[in-house]
Amino acid sequence: MPVDSKLTASSEKLIPEKQIAGKLLAHYDRHARTLPWRAPPGANATDPYRVWLSEIMLQQTTVAAVIPYFQKFTTRWPDVSALAAADEAELMAAWAGLGYYARARNLIACARAVVRDHDGAFPPDADTLRSLPGVGAYTSAAISAIAFGRRAVAVDANVERVVARLFAIDTPLPGGRREIDAAADGITPDARAGDFTQAMMDLGATICTSRKPACGICPLREDCAAFRTADPAAFPVKAAKKAKPHRTGHAWWIENGGDVWLERRPDKGLLGGMRGVPTSVWRVAGGGEGDSPPDYPFAGRWTALSDPVVHIFTHFSLALTVHTVRAERDCMAGRDGEWWPKADLASAGLPTLFGKVAAAAMREELPCP
DNA sequence: GATGCGTGGTA
DNA sequence: TTACCAAGCAT
């Protein structure tokens, strides 16, 4: 061992965080990804509106999926005042396909809160940001650091993974979060808070990936406890997930002339606030009593499509049998909904499930009434 | 702390 | 094909 091994060891023990942040930021200066919502490394001007919008869209959503939506939203609503004044139905339709639709409802609520309670400017403080709709522990810290340069510890799935590996934390998630949060706090520098946050996420997204981490090109390899183990990818340890149940149900495709009947779903719950065709209740399959027979909304010449529409949600899978019918305009009298031109379904903003239903229904010619 | 909440890509 | 995963939040 070199003569100064004791000194080296002790200094690494005292301030390993500064070394880690320094190495990571140096790497970020050379390799930062170019993203539509991101300023160049070191830039001190970042539009909080664009940071906020991107962070909401990126919750549990990949960069590739977000980019076209981010472009569409910033073109249509260039600032928080414009978004606060947006037509809610139009915004929900613009969000269609991105998923987790509560984010879209909270997006408007948040923009309106910023205009009403904060003079139209996002607050820089993480705790204040945290009180806004749709802004939680991670997003508030990320906005505070990225848009305002404040020191804040933003722990998303990337940071969680990087930190668990750096310190070989093997306490299973989600229980291990407190330990990981503390370790993340320990390596967060005071300066360049926004760059550090984004550098951690870039590292997790491009090098310290979940499946096959590219340790060979990692700037933190020498500091990484997991790298010194046989299997760095074994971190973080996660609790086993529950099996997802299968549900079945019926969907009603009701045509009148060139129109189809659409309804807006309740604000709460699955696909809340989104347009779709009416459906039956969805029941867990394999209950032993067989599939329930269709309970049509009204009498008519219904035709069942041969193949059900299958869709996988986060926590269950679904098979919907689509029943089509031609009917008079007043067949849905008393129900809350609208006749929508089939030729203009793209503008209805259907979530993916109902897009599949529409595609399946329009593949077949309906019998005359 | 556990559960509900979308979608598309990947191995 | 199945299972996991991705810049989480609200309840």
Side-chain angles (χ1 to χ4, degrees), chain A residues 33 35-38 50-70 92 95-107 109-110 129-147 152-162 172-178 181 184 194 196-206 208-213 233 236 238-247 265-274 276 282 310-318 349-356:
Chain A
R33 289 179 293 173
L35 299 170
W37 46 84
R38 178 180 283 183
R50 293 167 67 87
V51 173
W52 162 72
L53 180 61
S54 69
E55 289 298 341
I56 300 299
M57 288 183 164
L58 287 161
Q59 289 167 4
Q60 297 287 283
T61 309
T62 59
V63 166
V66 163
I67 286 175
Y69 284 86
F70 182 81
M92 296 301 290
W95 194 278
L98 199 54
Y100 285 140
Y101 298 100
R103 292 184 295 174
R105 300 194 300 275
N106 284 331
L107 198 71
C110 182
L129 286 162
R130 179 80 169 78
S131 68
L132 294 166
V135 178
Y138 161 76
T139 303
S140 57
I143 296 173
S144 187
I146 298 170
V153 186
V155 181
D156 73 326
N158 286 306
V159 177
E160 194 174 73
R161 183 172 57 253
V162 169
L173 291 170
R177 262 305 293 264
R178 301 193 70 80
D181 287 351
F196 178 77
T197 295
Q198 296 181 88
M200 287 288 281
M201 293 192 286
D202 270 21
L203 189 74
T206 64
C208 195
T209 55
S210 179
R211 305 276 172 85
K212 289 183 175 178
K238 296 189 178 182
K241 296 194 172 166
K242 267 178 46 180
K244 62 177 64 174
H246 183 67
R247 298 183 192 176
R265 298 171 60 82
D267 273 334
K268 302 259 181 190
L270 190 76
L271 308 178
M274 301 302 289
W282 308 340
V310 175
H311 191 70
I312 312 295
F313 292 102
T314 304
H315 52 300
F316 67 92
S317 59
L318 174 67
L350 296 179
T352 299
L353 168 66
F354 294 116
K356 290 179 180 178

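Note on naming: letters A, B, ... go to the chains in the order of the sequence lines (proteins, then strands), and numbering restarts at 1 for each one.
- For A:Lys244 (side chain) and A:Thr314 (main-chain N/O), a donor-acceptor pair under 3.5 Å exists by modelled atom type.
- Of all non-hydrogen atoms in A:Tyr101 and A:Ala96, the two that sit nearest each other are CE2-CA, 3.9 Å.
- Among the atoms of the strands shown, base atoms are found under 4.0 Å from some heavy atom of A:Trp37.
- Without hydrogens or angle criteria, A:Arg103 side chain to A:Ile56 main chain gives a donor-acceptor distance under 3.5 Å.
- Remark: A:Phe313 pairs with A:His311, A:Phe316 by the ring pair (Phe, Tyr, Trp, His ring centres under 6.0 Å) rule, at least two apart or across chains.
- As judged by a 4.0 angstrom heavy-atom cut-off over every strand, A:Ser54 is placed among residues making no nucleic acid contact.
- Taking atom P in both B:dG6 and C:dT1, the straight-line distance is 24 Å, to the nearest Å.
- A gap of 23 Å separates the C1' atoms of B:dA2 and C:dA7, to the nearest Å.
- Using a 4.0 Å heavy-atom cutoff across all strands shown, A:Leu318 reaches no nucleic acid atom at all.
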How does each nucleotide of nucleotides 4-11 of chain B score, in 5' to 3' order, for protein heavy atoms under 4.0 Å: base (B), sugar-phosphate only (S), or none (-)? SBBBS--S
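- Judged by distance alone, with hydrogens and angles left aside, the side-chain atoms of A:Thr206 form a donor-acceptor pair with the main-chain N or O of A:Asp202 at under 3.5 Å.
- Remark: side-chain polar atoms of A:Ser144 are not paired, donor with acceptor, to backbone N or O of A:Ala142 under 3.5 angstrom.
- Where DNA chain C meets chain A (any atom under 4.0 Å from a heavy atom), the bounding nucleotides read 5' to 3' are C:dC4 to C:dA10.
- In this structure, the ring of A:Tyr69 has its center no less than 6.0 angstrom from the ring center of A:Trp95.
- With DNA chain C read from its 5' end, the first of the two nearest nucleotides for A:Ser210 and A:Lys268 is the one closest to A:Ser210.
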Give the intermediate values and the outcome of side chain to side chain contact (heavy atoms under 4.5 Å, CB included) for residues A:Ile146 and A:Glu55. CA-CA 10 Å; A:Ile146 298 170; A:Glu55 289 298 341; 3.6 Å; yes
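- Among the atoms of the strands shown, none is found under 4.0 Å from any heavy atom of A:Arg178.
- Counting any heavy atom pair closer than 4.0 Å across all strands shown, A:Val135 reaches sugar-phosphate atoms only and no base atom.
- With hydrogens and angles ignored, the 3.5 Å screen pairs a side-chain donor or acceptor of A:Arg105 with a backbone N or O of A:Gly272.
- The separation of B:dC5 from C:dT2, taken at their P atoms, amounts to 23 Å, rounded to a whole angstrom.
- Backbone-only engagement by A:Ala137 is indicated by non-hydrogen atom pairs under 4.0 Å involving sugar-phosphate atoms exclusively.
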